[in-house]
Enquirer: 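Here it is: the structure, laid out below.
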Amino acid sequence: MADKDLRKHSKIVVDGVEQAPSRAMLRAVGFEDADFAKPQIGICSTWSMVTPCNMHIDKLAEYVNQGTDDAGGKGIIYNAITISDGISMGTEGMKYSLVSREVIADSVETVSGCMGHDAIIAIGGCDKNMPGLMMGISRLNRPSLFIYGGTIQPGPNHTNIISVFEAVGGHAAGKVSDIELKQIEDTAIPGPGSCGGMYTANTMASAIEALGMSLPNSSAQDAISDEKVGDCLSAGEAIMHLIERDIKPSDIMTRPAFENAIKVTIALGGSTNAVLHLLAMAHTMGVELELDDFTRIGKTIPMVADLKPSGKYLMSELIKIGGIQPLMKIMLEMDLLDGDCLTVTGKTLAENLATVDPYPEGQDIIRSFDDPIKKDSHLVVLRGNLAPTGAVAKITGKEGLSFTGNARVFESEEDCLKGILDGTVVKDDVLVIRYEGPKGAPGMREMLSPTSAIMGAGLGESVALITDGRFSGGSHGFVVGHVTPEAIEGGPIAIVQDGDRISIDAESNTITLDLSEEEIQARLDGWQKPEPRYTRGVLAKYAATVTSASEGAVTDKYI
């Protein structure tokens, strides 16, 4: 290594007499003479005390730094922001959630681009910081890898954050007492780590591992564990190997690799947010990926994981039987994955999986592909006169495959939640929450509070919900999000009225408003676009630049 200069970018910052001021400043943060000749590794930590998902990542970053220095690189830790969906859910603050994905991507590009880092190791632990980090990595396209912060342990009685949300609905319905609600609130979140089911964080960690951008098993480790420490220490040697071979994200994040990620997401019963984020990540990497690819791929991949929110088990229990590696090996042997895809180990996916042990006999977390929970994808792309350019439903089959009911329209998430809790919402309603899309909210809030209240009130099988917003990975029930065009853009969802009949069919992949084309057009002709809710600041800037959810809700498409 000493005979070969591996510094493609940092040498521009630190070499030569004219860069003495740069070296002087770096000496103040710990550089010594020998360090200037080493590749500089930007270690992007998303640590903060904002959320339990990320409260331990400062320590993980130190382990990564140690492993990087031991492997012959020079680690430089910096931070990107993070927000908490779980804390801001159901409030105006949640509008910043999806926006934060873009801010994080901008931050990685800005810091590592400015400072001349030769490679990047990014550590994420919550819904939006993970795809945000991946998008920032992709923009710079320097040797990089991702480390997942790890999953949380369950609370007493198998509880987790969704237990608290659903207890609120149960309390409103008189099924959960004040004391029971307080007990769940006090104990459901016992410490560090990401939300415990196959919600968006664990979904994206699994998808990124299947994509080849994290070390094997990084997605399936408890936040506080020896395994996660080992994952961090190993990253240094791995990143140096990537630098030596000049393996970049564009070599790994190919079209077949994205298809692998989609397939694993489906098999695991992952979050609808994966659709939004994988589309955005592919766009950033310059890989062609469309909404309809999820439909095409979904016809051949069954859902086999019995994981929350719709299933029984938590991620910590999947970890105990081997995580997602044995599942991927099964899928590879069934010719459902492309084993030739390169990964951050420098080996192909097939080579990584060659020595993986099978799941233990008798486990029932991952079902046989001959006896799946659902024979095809639970991520269903719907189209029809209510969503001409697409909508995304999460249909596991447990909530049925079709629903027809009467529209009950709400202009915001808060109004809908109030209607559920005060008894306005009744059986056979199709709740319509609009003006919650990327531009309209702005920020495309997740509807976890209403969906959890529906489940807690015992209406999960008798009420459907559609929105131009999106859903938390913890949402379940008959829910349809990402309706496009969104209401603020004059999509048909903007002209739905109380009492209109709406039909949703997950077998024909349709979502239909029972009105004639003439009536729909007449209502659209009479529709008036609302004034923007924000005219200054990051939300206004986001609304002005963001694309449709069907395109990943990215902010750099037209630049």
Enquirer: Between T295 and R383, do the side chains contain an N or O donor and an N or O acceptor separated by less than 3.5 Å?
Expert: no
Enquirer: Between the side chains of T451 and S475, does any donor sit under 3.5 Å from an acceptor?
Expert: yes
Enquirer: Calculate, to the nearest 0.5 Å, the distance between atoms CD1 and CD1 belonging to I121 and I43 respectively.
Expert: 5.5 Å
Enquirer: Is any side-chain heavy atom of E446 closer than 4.5 Å to one of T272?
Expert: no
Enquirer: Any heavy-atom pair between the side chains of I147 and C232 that's under 4.5 Å?
Expert: yes
Enquirer: Give, for atom CD1 of I189 and atom OG1 of T159, the distance between the pair rounded to the nearest 0.5 Å.
Expert: 7.5 Å
Enquirer: Contact between D514 and T512 at the side-chain level, heavy atoms closer than 4.5 Å - yes or no?
Expert: no
Enquirer: Might you point out which heavy atoms bring A487 and I493 nearest each other, and give the distance in Å?
Expert: N-CG2, 3.6 Å
Enquirer: Return yes if a side-chain donor-acceptor contact under 3.5 Å exists between S107 and Y78, otherwise no.
Expert: no
Enquirer: If you take all heavy atoms of I152 and G191, which pair is closest and at what distance?
Expert: CD1-O, 3.1 Å
Enquirer: Under the 3.5 angstrom rule, does the side chain of S271 hit a backbone N or O of S472 as a donor-acceptor pair?
Expert: no
Enquirer: So, does T200 use its side chain to make a donor-acceptor pair with the main chain of G473 at under 3.5 Å?
Expert: yes
Enquirer: Quick one: does T510's side chain have a donor or acceptor within less than 3.5 Å of a partner on G384's backbone?
Expert: no
Enquirer: Please step through salt bridge (Lys or Arg N to Asp or Glu O under 4.0 Å) for the pair K418 and E414, ending with a clear verdict.
Expert: CA-CA 6 Å; K418 181 180 177 183; E414 289 91 344; over 6 Å; no
Enquirer: Go through the side-chain N and O atoms of Y148 and N202 and say whether any donor and acceptor fall under 3.5 Å apart.
Expert: yes
Enquirer: Quick test of your reading of the model: are K95 and E413 salt-bridged, counting only N-O distances below 4.0 Å?
Expert: no
Enquirer: Which atom names give the shortest non-hydrogen contact between I511 and A387, and what distance separates them?
Expert: CG2-CB, 3.8 Å
Enquirer: Please round to the nearest 0.5 Å and tell me the distance separating atom OG of S48 and atom CD1 of I81.
Expert: 9.5 Å
Enquirer: Between atom CD1 of I520 and atom CD1 of I495, what is the distance when rounded to the nearest 0.5 Å?
Expert: 5.5 Å
Enquirer: Can a side-chain donor-acceptor contact be found between E436 and T467 if the only test is distance below 3.5 angstrom?
Expert: no
Enquirer: Can you confirm whether more than 12 heavy atoms, excluding those of E288, are under 6.0 Å from its CD atom?
Expert: no
Enquirer: For the residue pair S310 and H378, establish whether any side-chain heavy-atom pair is separated by less than 4.5 Å.
Expert: no
Enquirer: Would you say the side-chain atoms of S194 pair up with the backbone N or O of G125, donor to acceptor, closer than 3.5 Å?
Expert: yes
Enquirer: Could you check whether any side-chain N or O of N509 sits under 3.5 Å from a backbone N or O of V380, counting only pairs where one atom can act as donor and the other as acceptor?
Expert: no
Enquirer: Does a side chain donor of either D556 or H283 reach within less than 3.5 Å of an acceptor in the other side chain?
Expert: yes
Enquirer: Charged N to carboxylate O below 4.0 Å: is that the case for R255 and E259?
Expert: yes
Enquirer: Keeping the roles fixed (side chain from D118, backbone from S10), state whether a donor-acceptor pair exists under 3.5 Å.
Expert: yes
Enquirer: Between V14 and Q40, is the side-chain contact (heavy atoms from CB on, under 4.5 Å) condition met? List the steps.
Expert: CA-CA 10 Å; V14 300; Q40 292 185 25; 3.6 Å; yes
Enquirer: Say you draw a straight line from CZ of R445 to OG1 of T91; how long is it, rounded to the nearest 0.5 Å?
Expert: 7.0 Å
Enquirer: Mind running side-chain contact (heavy atoms from CB on, under 4.5 Å) on M130 and F146 for me, showing each step along the way?
Expert: CA-CA 8 Å; M130 300 164 71; F146 174 81; 3.8 Å; yes
Enquirer: Where do A540 and Y534 come nearest, in terms of heavy atoms and distance?
Expert: CB-O, 3.6 Å
Enquirer: Could you give me the CA-CA distance, side-chain angles and deciding distance for F471 and N273, then say whether side-chain contact (heavy atoms from CB on, under 4.5 Å) is met?
Expert: CA-CA 7 Å; F471 294 107; N273 279 319; over 6 Å; no
Enquirer: What's the separation between atom CD1 in I488 and atom CZ in R434, rounded to the nearest 0.5 Å?
Expert: 11.0 Å
Enquirer: Determine whether more than 12 heavy atoms belonging to other residues, nucleotides or ligands lie under 6.0 Å from atom NZ of K248.
Expert: yes
Enquirer: Heavy-atom distance under 4.5 Å between the side chains of H482 and L276, does that happen here?
Expert: yes
Enquirer: Look only at the side chain of K439 and the backbone of V546, and say whether a donor-acceptor pair between them is shorter than 3.5 Å.
Expert: yes
Enquirer: With heavy-atom distances below 4.5 Å as the criterion, would you say the side chains of I433 and M447 are in contact?
Expert: yes
Enquirer: Which heavy atom of T254 sits nearest to which heavy atom of S250, and what is that distance?
Expert: CG2-O, 3.9 Å
Enquirer: Hey, does Y435 have a side-chain heavy atom less than 4.5 Å from the side chain of P530?
Expert: yes
Enquirer: Between S112 and H117, is there a side-chain donor-acceptor contact under 3.5 Å, judged purely by atom types and distance?
Expert: yes
Enquirer: With side chains defined as the heavy atoms from C-beta onward, is the minimum distance between Y199 and I162 less than 4.5 Å?
Expert: yes
Enquirer: Would a distance-only check, ignoring hydrogens and angles, find a side-chain to backbone donor-acceptor pair under 3.5 Å from T51 to N54?
Expert: no
Enquirer: In a check of side-chain contact (heavy atoms from CB on, under 4.5 Å) between R101 and each of D127, N129, V554, which one passes?
Expert: V554
Enquirer: Hey, is the main chain of T484 close enough, under 3.5 Å, to the side chain of T389 for a donor-acceptor pair?
Expert: yes
Enquirer: Could you pull out the closest heavy-atom pair between K228 and L60, with the gap in Å?
Expert: CG-CD2, 3.9 Å
Enquirer: Quick one: which residue pairs count as a salt bridge (Lys or Arg N to Asp or Glu O under 4.0 Å) with a foot in residues 137-147, not counting sequence neighbours?
Expert: D106-R139, E109-R139
Enquirer: Among all residues two or more places apart in sequence or in another chain, which pass the side chain to side chain donor-acceptor pair (under 3.5 Å) test with D186?
Expert: K182
Enquirer: Given 3.5 Å as the limit, does a donor-acceptor pair link the side chain of D422 with the main chain of T424, or not?
Expert: yes
Enquirer: Does the side-chain contact (heavy atoms from CB on, under 4.5 Å) test come out yes or no for E209 and V264, once each step is laid out?
Expert: CA-CA 10 Å; E209 182 175 331; V264 171; over 6 Å; no
